[in-house]
Number of protein chains: 2
Amino acid sequence: MKSSEKSYHHGDLRRSLLKVAFEMLGEEAGWQFTMRELARRAGVTHAAPYKHFESKADLLAELAVEGFVRLTAALVATQHDGHASPREGFVTMCKAYVAFGGNNINLYRLMWSGDARASGNPRVLAHANAAFAVLLDRITRGQHSGWLASRNPAGQAVACWTQLHGLTLLSADGLLESLTANAIDVAIAELLDGLQAPRS
Amino acid sequence: MKSSEKSYHHGDLRRSLLKVAFEMLGEEAGWQFTMRELARRAGVTHAAPYKHFESKADLLAELAVEGFVRLTAALVATQHDGHASPREGFVTMCKAYVAFGGNNINLYRLMWSGDARASGNPRVLAHANAAFAVLLDRITRGQHSGWLASRNPAGQAVACWTQLHGLTLLSADGLLESLTANAIDVAIAELLDGLQAPRS
DNA sequence: ACCTGAACACCGTTCAAGT
DNA sequence: ACCTGAACACCGTTCAAGT
């Protein structure tokens with residue numbers, strides 16, 4: 001934060017590496033950047049990152065954790081707006097999920113890449129579950145307040161999560177635009193119809 | 001087909017390479033096999049595959065095309081069984097989709113990998129659309145026969161596709177089992193409830 | 001305490017040369 | 001016509017050595 005741009009890198013190389021990694025994820029090139037490129041951009045030798053991360057998978061796990069934190073925040077941020085209806089509020093959250101993926105597609109793919117989980121870092125799974133918990137909480141409250149059909153909330157949350165995950169990925173792959181207009185809105189509407197329908 | 005096992009590889013190296021690649025995809029190691037490992041297993045030098053495939057992406061595209069062909073066949077195969085109800089028939093197709101992904105997870109991931117589409121081979125997209133067309137066709141017919149709510153069939157098909165895609169991936173990642181029992185069945189039921197519900 | 005230089009065992013891809 | 005051998009420009013990772 002103190003900005004020592006152009007210094008020789010002292011204690012905060014770890015933080016610098018994460019920052020540069022997020023910058024690279026923001027570019028076009030996909031999430032499979034190389035450790036050597038990361039080191040190059042951070043201005044250090046390719047061996048230096050290994051003093052701060054055990055392996056590439058370890059670095060990816062850190063990025064994935066931060067990704068889930070940001071996704072969770074994006075979902076939570078939709079909770080207290082004044083929505084026209086409970087359903088509208090929920091739809092807003094769903095759109096925020098898909099928008100997060102669309103705006104951070106390299107990070108989103110990294111979060112689910114398997115390479116991140118392969119690190120063995122349990123925080124990846126824990127933070128994925130934390131994001132899921134936001135969906136589950138909203139659904140549980142929706143059932144209590146009566147606008148969602150009452151059945152196992154976890155089942156509804158899983159249906160919601162899988163729908164949003166698939167929608168995010170296929171949308172980012174550019175496969176939906178040619179199939180129908182407003183694919184995201186339509187798919188979310190079908191999801192909500194299902195969650196509201198009685199008699200599972 | 002003539003089986004010249006143990007020969008020196010003549011004209012059918014291309015076919016051999018594809019066969020070995022599918023075998024590797026059937027193993028545990030993920031879909032990111034190396035061209036050199038493929039060549040090794042096929043018993044040739046690592047330069048030989050490049051006489052039959054322009055690049056690794058080109059090879060992956062061929063595998064992806066065949067994957068979509070197989071997925072399409074798996075979906076079509078569920079069409080003429082005697083089902084207890086139209087909805088049951090549709091649910092069977094949905095389960096076949098998820099089961100295909102679960103039983104061929106490396107191939108399924110490859111099909112959506114981007115590396116395959118990056119080859120520029122238009123057959124990948126064409127065959128992906130062919131698989132989608134099966135969903136669309138069943139939904140259109142379901143609307144005509146009246147058991148599905150009548151609205152834009154493409155929108156419903158997109159909702160179905162994205163749900164099954166997300167469900168397949170998250171299920172394969174092992175992320176659903178701990179959340180609820182019968183996650184696949186439950187998510188498919190929510191999907192169908194949505195597709196059947198009037199008033200989108 | 002933190003980074004560098006050189007090394008190891010790999011990649012994808014190319015291309016002259018062999019059969 | 002089809003494959004090999006050697007090469008090029010890369011990787012992730014390690015480790016003795018420098019500052």
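This structure is a prediction, so every number in the text was calculated from the model and none was measured. Reminder, nothing fancy here: chain letters follow the sequence lines and each chain counts from 1.
- Between the side chain of A:Gln163 and the backbone N or O of B:Gly166, no donor-acceptor pair lies under 3.5 Å.
- Looking at A:Thr162, its side chain does come within 3.5 Å of a backbone N or O of A:Ala159 through a donor-acceptor pair.
- Judged purely by atom type and a 3.5 angstrom limit, B:Arg14 uses its side chain to pair as donor or acceptor with the backbone of B:His52.
- Atom CG of B:Leu17 and atom P of D:dC2 are 13 Å apart (whole Å).
- Secondary-structure stems of DNA chain C, taken as three or more successive Watson-Crick or G-U wobble pairs (i with j, i+1 with j-1) under a 3.5 Å distance threshold, comprise C:4-8 with D:12-16, C:12-16 with D:4-8.
- Under a 3.5 Å cut-off, the side chain of A:Thr45 and the backbone N or O of A:Ala48 do not form any donor-acceptor pair.
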Next item on the list: Go through the steps for B:Arg109 and B:Asp173 under the test salt bridge (charged side-chain N to carboxylate O under 4.0 Å, His left out), then give the verdict.
Entry: CA-CA 11 Å; B:Arg109 289 195 211 277; B:Asp173 282 337; 3.1 Å; yes
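- Distance CG (B:Asp115) to C1' (C:dC11): 14 Å, rounded to an integer number of Å.
- A:His52 places its NE2 atom 7 Å from the C1' atom of C:dC2, with the value rounded to the nearest Å.
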What are the atom names and distances for every N/O pair under 3.5 Å that joins the protein to nucleotides 12-19 of chain C?
{"from": "C:dG12", "atom 1": "OP1", "to": "B:Met35", "atom 2": "N", "distance (Å)": "2.8"}
{"from": "C:dG12", "atom 1": "OP1", "to": "B:Lys56", "atom 2": "NZ", "distance (Å)": "3.3"}
{"from": "C:dG12", "atom 1": "OP2", "to": "B:Met35", "atom 2": "N", "distance (Å)": "3.1"}
{"from": "C:dG12", "atom 1": "OP2", "to": "B:Arg36", "atom 2": "N", "distance (Å)": "3.1"}
{"from": "C:dG12", "atom 1": "N7", "to": "B:Arg36", "atom 2": "NH1", "distance (Å)": "2.4"}
{"from": "C:dG12", "atom 1": "O6", "to": "B:Arg36", "atom 2": "NH1", "distance (Å)": "2.9"}
{"from": "C:dT13", "atom 1": "OP2", "to": "B:Tyr50", "atom 2": "OH", "distance (Å)": "2.6"}
{"from": "C:dT13", "atom 1": "OP2", "to": "B:Lys56", "atom 2": "N", "distance (Å)": "2.9"}
{"from": "C:dT13", "atom 1": "O4", "to": "B:Arg36", "atom 2": "NH1", "distance (Å)": "3.4"}
{"from": "C:dT13", "atom 1": "O4", "to": "B:His46", "atom 2": "NE2", "distance (Å)": "3.2"}

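- Checked options A:Phe132, A:Trp112, A:Phe100; the residue passing with A:Phe68 is A:Trp112 (criterion: ring-ring contact (aromatic ring centres under 6.0 Å, His included)).
- Side-chain atoms of B:His165 never come within 3.5 Å of backbone atoms of B:Trp161 as a donor-acceptor pair (strictly under, hydrogens ignored).
- Of all heavy-atom pairs between A:Phe33 and A:Ala21, the closest is CZ-CB, 4.2 Å.
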